[in-house]
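I have placed the structure first, in the form of structure tokens, so that the comments after it can refer back to it.
Atoms considered below: every heavy atom in the structure, side chains included; atoms not considered: hydrogens, waters and symmetry mates. Order of the sequence lines sets the chain letters (A, B, ...), proteins ahead of strands, with each chain counted from 1.
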Amino acid sequence: MNQRFSWFNATSLALGFAFLYIPILSLVIYSFNSSKLVTVWAGFSTKWYGALLNNEAFLDAAFMTLKIAFVSSTLATILGTMAAFVLVKGIAFPGRTLFSAMIYAPIVMPEVITGLSLLLLFIAIGADRGMTTIILAHATFSMCFVSVVVSSRLVSMDNSLEEAALDLGCTPLDAFRSVILPLIAPAVISGWLLAFTLSLDDLVIASFVSGPSSTTLPMKIFSQVRLGVSPEINALSTIMIAIVTVGVVVASLVSKRSVINQRKQEQLAAKSTIE
Amino acid sequence: MWLLALFLVPFLIVVKISLSDGAVSIPPYTPKFDLQAGIAGIKEFIAALDFENYVYLTEDNLYWKSYLSSLKIAFISTCLSLLIGFPIAYAMACSSESWRPTLLMLVILPFWTSFLIRVYSWVGILSNNGLLNQTLLNIGVINEPLVIMNTDIAVYIGIVYTYVPFMILPIYATLEKMDSSLLEAAKDLGCSNFKAFWLVTAPLSRPGVIAGCFLVFIPAVGEFVIPSLLGGSSTSMIGKVLYDEFFSNRDWPLASAVAVILLIILIVPIVLFQKQQQKLQQAAQ
Amino acid sequence: MPTTDSDEMNIANSHTFAPWDEASAVPLISFKNVVKKFGDFTAIDNVSLDIYEKEFYSLLGPSGCGKTTLMRMLAGFEKPTAGQILFDGQDISPLPPNKRPFNMMFQSYALFPHLSVVENIAFGLKRSNMPKAEINQRVDEMLTMVQLQQLAARKPAQLSGGQRQRVALARSLAKRPKLLLLDEPLGALDKKLRQETQFELMDIQEKLGTTFIIVTHDQEEAMTVSSRVAVMNHGRIQQVATPAEIYEFPNSRYVADFIGDINILEGHCQTGADNQLQIHWAEGITPINATTNTAMRDDSECYFAIRPEKISISTSPPADAENVIQGKVLDIAYLGNLSTYHVEVAPGCVIKAQAANQKRLSRRDISWEQTVWLSWTSTAGVVLTQ
């Protein structure tokens, strides 16, 4: 759809983005406020960032969160890719419909339910609660997101590519490695990134399944924030926002470049047709 | 069949993990399993009491009220998200092709930043001496600070703010695919701008609107972080009740019972949502 | 008016290569009563056929007739529900695709988008134990064959449709397969390029001596390239014959109608001596004189099929023709080199006749509503029983 862009459209975009970004911006601005009172501007200062760096509890939690996110997203990517394969290739097995429903359910399920039931499960099998349980919980939960991302790529892939590989002498495993994997790699990577952010971000499930010794960064932030606004949290948030923004912008620039490359290739192809 | 050989192995691993690591009753997988998990969990802790918790739930007004108010808050927030999200999605779809990726990125960007931080950012804005009240006081619109923080209104704002991208994206996806010559055809056949929108654009964007509503409504019902940060003591949402029951009162069986009932309430919309997604997929094929 | 009233088949295409006529020849591929079912749907219904070495064999039919399924069973992507597929006398049904000495050129070309032209062509060779130097040499050879040396480093996305088609061909031939399967290989090309490429394909096939099996729904393509054509419908083989035989002597109304344009008249036959036959097909109209090699029962139901170009059209009654019918011109389709005349010979019965436009348009002597005479020899058409 490409219609005339009206004033109404411009206004709704402006208001919409203002709504989306003003809260975040205010957070960033007040993180440089020298006053302890968040609402009163008392001059520019970076002292809260200094305080944050000396807060070992925060640093420990951040490190732990990163570790959990890394392991769980990797696990989720492997499992999610497999699940996507089973679903897309349409292999019939008993309970297939149930399986596909199971893959999509956690995406919309309230986190409190997921968290609680996972906890009951871990208790039922007698697992020690701690980092491992958080990793497992995050992996199962974000695996569903990965499988959705990967299966959408698999669906759009030409089936005959795999057949061509087999026809040219590949074993099924070989065909997967040398043809399918390189082609779905972008989806697998973005699935991993999604799983990674989901894990970094998660508060509810982690609080359910964590043990006394393991506190993730969101849990730490939550316990602080419950008490009210704190400039240190503002500083921390700003750092996290900055990292994410840089990451997303870089990723989108890279993909934009690949789009431009693709256009160039198409032009080349068109030219060679004329020749 | 070689196909089977190739996929049987990974499938078996998946099943094994869902059965061992995830175990039989891994609840995120399916409502059915979850029920068993909840009940199994309850049975494990207080085998004798069994359904007493459920009876207790029905007798205590607090729980009824929180279920109802959760549904109400989720419903109102969904409507508000639709009101805010649709014009944005519409404007995005109308914008020039070169702008669209940037706009799309701007919508998705907040989604990548921490959910917790985004909710937290409203605390500073909405509190009695927060940014909003100060601005309004300074320009003289109001004489005394508005009490927004710790009310249902703050919860609405929080939910709409965090979930509006989920509303925008599916609507944008359907609008973008729409053929603009359809609108031209409608106008050619004598529709006014508004009529063309109402008779053509609106019905065609319905799948996106429905998907968006489900994506906002379902998680909003069980929302926990937003009511506990922005809502007051009067705001009782079931996610928060569950969490408090679990962590503050340490009444795990009761919490499980709350969860099971919440799940039963949500099964209907979840199943509807999946049915709709399947229908869309089939239509696409 | 070119008349082909040769009594015996004497057609340019039937040169010396005809292993299917030699009793001693051993087929390279044999389908023996092959059945393939997908659930309740029978895609291949008891098909038996032989394909000989160095043949260019076409599987021709409308979409859904089972031709692609037949080819996919050869490649190993589908397994027959019943029956056998023999290669050099061996049942190959249990072999997976990667163990068969066949290669396939896919309809979508299935070029690996992440690999360059060279890497695509070398893909299959790298899966065998061929030394590196030899691989490079073979790839060069293939690139020369399809004239793509300059584009060796490009990715598939940087190629035009015709170039992609060549890469796909080179890739599937690189391993020197015993049998090359081509699934609608020219379907994605425009008409002009398709015709050029057909001749290239024939050249390559002749040079390499590889057996080619091509699946196509384009009858012109099948006629041009093939040594033999198998016409398929509803999972069955209707007729297997050389293109000329298929065109001149279709064995059924389906084949006659599927290939080219044809008039089909329904009637009852009256047998005579020396394979002579009279077909009574409409009340009050002279019966058609025809010949047939099949034994016909007197007064049995039959169909007379005749190609429009085998019917002469004239403005005055021809002197000595075996079949003459008078009619009125309803429509003229001007095709440039030819014109097709729709002539109503009886109420509701239209026969098409085709004539070369030797004169300029303005001097043409046949026009609408004119009374004309159609004539043909007794051997110009075929008599069909089904």
Does atom NZ (B:Lys240) have a neighbourhood of more than 12 heavy atoms from anything else shown, all under 6.0 Å? yes
Side chain / backbone / both / neither for A:Leu25 at chain B, heavy atoms under 4.5 Å: neither
Once rounded to the nearest 0.5 Å, what's the spacing between atom CD1 of A:Ile22 and atom CD1 of B:Ile125? 7.5 Å
Given that the side chain runs from C-beta out, which part of A:Ser237 has a heavy atom under 4.5 Å from chain B: side chain, backbone, both or neither? both
Which atoms of A:Thr11 are under 4.5 Å from chain B, going by heavy atoms: the side chain, the backbone, both sets, or neither? neither
Quick check for you: to the nearest 0.5 Å, what is the distance between A:Asp202 atom CG and B:Ser114 atom OG? 10.0 Å
Side chains of B:Tyr120 and A:Phe222: does their closest heavy-atom pair fall under 4.5 Å? no
Mind checking whether A:Pro23 and B:Arg118 have side chains closer than 4.5 Å, heavy atoms only? no
Taking A:Thr171, A:Thr245, A:Ile233 one by one, which has the highest count of heavy-atom pairs under 4.5 Å against chain B? A:Ile233
Approximate separation, where rounding is to 0.5 Å, of A:Asp201 CG and B:Ile117 CD1: 8.0 Å
Considering all heavy atoms of both residues, which atom of B:Met92 and which atom of A:Leu13 are nearest to each other, and what is their separation? CG-CD2, 3.9 Å
Say you draw a straight line from CG of B:Leu109 to CG of A:Leu20; how long is it, rounded to the nearest 0.5 Å? 10.0 Å
Any heavy-atom pair between the side chains of A:Asn9 and B:Ser95 that's under 4.5 Å? no
Which portion of B:Val107 sits near chain A, non-hydrogen atoms under 4.5 angstrom: both
Indicate yes or no: at least one non-hydrogen side-chain atom of B:Phe115 is less than 4.5 angstrom from one of A:Leu203. no
Flag if over 12 foreign heavy atoms under 6.0 Å of CZ, A:Phe8: no
Min side-chain heavy-atom separation B:Leu106-A:Tyr21 under 4.5 Å: yes
Contact class of B:Leu103 relative to chain A, heavy atoms under 4.5 angstrom: both
Per-residue tally against chain A (heavy atom, under 4.5 Å) across B:Ser121, B:Pro269, B:Gly222 peaks at B:Ser121
Does any part of the side chain of B:Met105, heavy atoms only, come nearer than 4.5 Å to the side chain of A:Val249, both counted from C-beta? yes
Kindly indicate whether the side chain of B:Thr113, heavy atoms from C-beta on, has any atom under 4.5 Å from the side chain of A:Met240. no
Distance in Å, A:Met219 CE paired with B:Leu116 CG, rounded so as to fall on 0.5 Å steps: 11.5 Å
Does any heavy atom of chain A fall under 4.5 Å from the side chain of B:Ile88, the backbone, both, or neither of them? both
Minimum-distance pair of heavy atoms, taken over all atoms of B:Tyr161 and A:Phe19: CE1-O, 3.2 Å
Turns out that what part of A:Ser207 lies under 4.5 Å from chain B's heavy atoms comes down to both
Are side-chain heavy atoms of A:Ser12 and B:Phe86 found at a separation under 4.5 Å? no
Give, as side chain, backbone, both or neither, the part of B:Pro110 having an atom under 4.5 angstrom from any heavy atom of chain A. both
